[in-house]
Amino acid sequence: MRKNYVVAAVAAGLLLAPAGAFAKMGSGQLSAKSKDIDVEFFGSLKSYPHFMTDIDFNDQNTNRDFILDENGFMKDHSVRNELRIGWKGEGKNWDFLVILEGDFSLNKANGDRGGDPFLNFREDEIGMSGNSFGIEKLDFGYDFGPARLSTGWNTKFLDINTGGILYGDDHPYIGLNGKCASTSWELLYLIIQDDIDDAGGVFDGDNIDWRVYTLRAGINTGTGLTVAPMYAFSDNPDHEAQTHYLGVEAYGKMGIITPRFEVVYATGEMDKDSDATGPAATQDHDIDAFGAYGSVELDLGPVFNPYVGGYYLSGDDNPTDDELEAFNGIGNISRYTPTFGMENALIYRFVPALGTHLYSNNFNTLGSTQGYGGISNSSRGNAPGMIMYGGGSKGQINENLSYKVQVMYFTLAEEDALGIQNDDMGLEFDLNLTYTFSNHFSIGNTLSIFEPGDAVEDLNGPDFDQTAYLDTIEMKWSF
């Protein structure tokens, strides 16, 4: 197998360092200290065997019977692996974080880093190269006192504490953050896309870019509740769109009650774009959209913590007019939110038969008009929106065994723009059980079942009415 020279060099450095330079820093952490820096070394492996049945809601072979996750496309049975190795360091007024990651499906090509020697001239047979295991997250910062300056591509977010409908991702950034009395704040310049287009031999560095500027403040009210107003300006020349997002989220714990709420309003304009398809190529559009989330969780003891809540994302009711009323977030991150988030739930993948995004629980890839946001800039401006009602419970059954169970019912906010008769997308049931053997290893299982509604048949055809099953074994190591 080929060597990863970055990892090899660091490992060699650790082995050659003086014995006295290392000290234990708690379970599974190793620290290298010198006069002006303290470095912590850590890592993890997640191995997820997936088993899928009728993932396209059809018991025949179709061109939609697959899902997409960070490791790529999967169908029937696939094993996803996420391997991370990282270093975290602190010095006087400065700090850094570096995480290397490989996220891939287990197969011979990825294991041998080269695939079949008789077929490796084909690009799709090369397998996982050394470049596939690279720096997934990076953050370097310097604290000036009133504010910390940072840059990198670590995960940043605006509303992951609530519904995650606006932004959460690891795009490159330059940022400032700080705290004043009971208020924390962060200002970000996010580089979502920065490309150069060779159009007829004339290089253009602006027309396919996408930059975002954000400001978020977290106000501690002294009641256990944090109120966080937020603003984002999305300058998206790639889709000829300029969008202002104004919102607020509130979250915290007040006695046995944990409330989480957010509202976001999107306004702006999208100019006609000759590179687009559909109505976006022939007329200008005004953006006027709205999104909201709310949930309440009760702490009734270690075993039983019930919760209820829901989402509303506005949809477009007319694909031919000059208004875009579908809510397109910059990048929805609902998969990792605290209430309904569950990594291996079905809804949080790209599922072609549902029109969902990766990490999201909306149906924003449905529609005919170019949109103004979404992961990979792929949301549709006349998407149907979403309404979700749900509930569940989570808790610790004993010292080692935990669970989370939930039900979510999905409908379309608007079905007219898609030319269908029904708004019922379906019902999802999720159950996760996890047994933690130690601080370093756990094993669990997530069963996700989706019963499609009439709208799924309207969108795909009368044979797309089968129940979809996705079962995932979860093996996790960490140090």
Side-chain angles (χ1 to χ4, degrees), residues 46-58 62-82 101 103-106 155 160 163-165 168-170 311 313 328-329 331-337 339-366 373-380 383-384 386 388 390 392 404 406-410 412 425-432 444-453 455-456 459-460 464 466-474 476:
K46 298 177 182 179
S47 188
Y48 292 153
H50 296 282
F51 303 88
M52 308 170 212
T53 304
D54 298 336
I55 206 71
D56 57 348
F57 314 108
N58 192 311
T62 74
N63 61 355
R64 304 172 191 177
D65 55 346
F66 63 89
I67 62 175
L68 175 71
D69 209 316
E70 290 186 335
N71 57 313
F73 295 104
M74 297 186 289
K75 63 183 300 182
D76 300 329
H77 169 58
S78 298
V79 181
R80 175 192 167 204
N81 258 28
E82 179 194 275
E101 178 180 308
D103 204 319
F104 51 92
S105 296
L106 288 184
T155 300
I160 200 172
I165 64 175
D169 214 328
D170 54 4
Y311 286 83
L313 303 180
N328 294 177
N332 187 299
I333 196 66
S334 299
R335 174 172 171 167
Y336 295 109
T337 51
T339 306
F340 291 98
M342 188 181 293
E343 183 172 11
N344 287 309
L346 187 150
I347 194 68
Y348 299 121
R349 320 296 180 85
F350 170 59
V351 183
L354 289 177
T356 52
H357 277 307
L358 179 60
Y359 308 128
S360 311
N361 59 356
N362 57 47
F363 311 109
N364 272 5
T365 65
L366 301 175
I375 187 171
S376 300
N377 224 359
S378 58
S379 287
R380 312 306 290 174
M386 179 196 70
M388 188 278 273
K404 185 174 185 178
Q406 62 189 20
V407 176
M408 298 178 287
Y409 174 60
F410 296 91
L412 302 178
M425 289 296 286
L427 184 75
E428 175 162 322
F429 169 82
D430 302 315
L431 171 63
N432 172 267
N445 191 87
T446 294
L447 174 64
S448 194
I449 303 172
F450 198 100
E451 179 66 31
V456 176
L459 290 166
N460 299 282
F464 289 80
Q466 301 297 306
T467 303
Y469 297 88
L470 174 61
D471 190 73
T472 306
I473 299 172
E474 301 176 344
K476 301 178 183 179

Can you tell me how far apart [atom1] ([X]) and [atom2] ([Y]) are? Round to the nearest 0.5 Å.
X      : Y      : atom1 : atom2 : result
Ile449 : Leu431 : CD1   : CG    : 9.0 Å
Met388 : Tyr311 : CE    : OH    : 6.0 Å
Leu354 : Ile67  : CG    : CD1   : 11.0 Å
Ile333 : Asp169 : CD1   : CG    : 6.0 Å
Ile165 : Asn361 : CD1   : CG    : 9.5 Å
Asn81  : Leu106 : CG    : CG    : 4.0 Å

State which residues pass salt bridge (Lys or Arg N to Asp or Glu O under 4.0 Å) with [X]; sequence neighbours excluded, sorted by chain then number.
X      : result
Asp170 : Lys137
Arg64  : none
Arg380 : none

[X]: partners by side chain to side chain contact (heavy atoms under 4.5 Å, CB included), with sequence neighbours left out:
X      : value
Ser78  : Met74
Ile473 : Pro49, Phe51, Asn445, Met475
Gln466 : Asp54, Asp59

Take His50 and His77, measure what side chain to side chain contact (heavy atoms under 4.5 Å, CB included) needs, and give me the verdict at the end.
-> CA-CA 5 Å; His50 296 282; His77 169 58; 5.6 Å; no
With [X], which residues qualify under side chain to side chain donor-acceptor pair (under 3.5 Å), at least two apart?
X      : answer
Thr62  : Asp56
Ser105 : Asn71
Thr53  : none
Glu82  : Arg80

Take Phe363 and Leu412, measure what side chain to side chain contact (heavy atoms under 4.5 Å, CB included) needs, and give me the verdict at the end.
-> CA-CA 8 Å; Phe363 311 109; Leu412 302 178; 3.7 Å; yes
In sequence, state the C-alpha distance, the side-chain angles, and the governing distance for Ser379 and His357, and then conclude on side-chain hydrogen bond (donor to acceptor under 3.5 Å, both in side chains).
-> CA-CA 8 Å; Ser379 287; His357 277 307; 3.0 Å; yes
Between the main-chain N or O of [Y] and the side-chain N or O of [X], is there a donor-acceptor pair closer than 3.5 Å?
X      : Y      : answer
Thr356 : Arg349 : yes
Ser448 : Leu346 : yes
Lys404 : Gly341 : yes
Thr467 : Glu451 : no
Thr337 : Ile160 : no
Asn328 : Gly374 : no

Are side-chain heavy atoms of Lys476 and Tyr48 found at a separation under 4.5 Å?
-> yes
Quick one: are Met408 and Asp430 in side-chain contact, heavy atoms under 4.5 Å?
-> yes
For the residue pair [X] and [Y], what are the closest heavy atoms and their distance?
X      : Y      : value
Ser378 : Ile375 : OG-O, 2.6 Å
Val456 : Ala353 : CG1-O, 4.3 Å
Leu358 : Leu68  : CD1-O, 3.6 Å
Thr339 : Gln406 : O-OE1, 3.8 Å
Thr365 : Gly355 : OG1-O, 2.7 Å

With sequence neighbours left out, what residues match Phe340 under ring pair (Phe, Tyr, Trp, His ring centres under 6.0 Å)?
-> Tyr307
With sequence neighbours excluded, residues passing ring pair (Phe, Tyr, Trp, His ring centres under 6.0 Å) with Phe66 = Phe73
Paired with Phe450, the ring-ring contact (aromatic ring centres under 6.0 Å, His included) test is passed by just one of Tyr409, Tyr348, Phe57, namely Phe57
Start with the C-alpha distance between Tyr469 and Met52, add both sets of side-chain angles, then the distance that settles side chain to side chain contact (heavy atoms under 4.5 Å, CB included), and finish with yes or no.
-> CA-CA 6 Å; Tyr469 297 88; Met52 308 170 212; over 6 Å; no
Result of checking Asn344, Thr446, Thr472 against Asn432 for side-chain hydrogen bond (donor to acceptor under 3.5 Å, both in side chains) =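 Of Asn344, Thr446, Thr472, side-chain hydrogen bond (donor to acceptor under 3.5 Å, both in side chains) with Asn432 is met by Thr446 alone.
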Do NZ/NE/NH1/NH2 and the carboxylate oxygens of Arg335 and Glu343 come within less than 4.0 Å?
-> yes
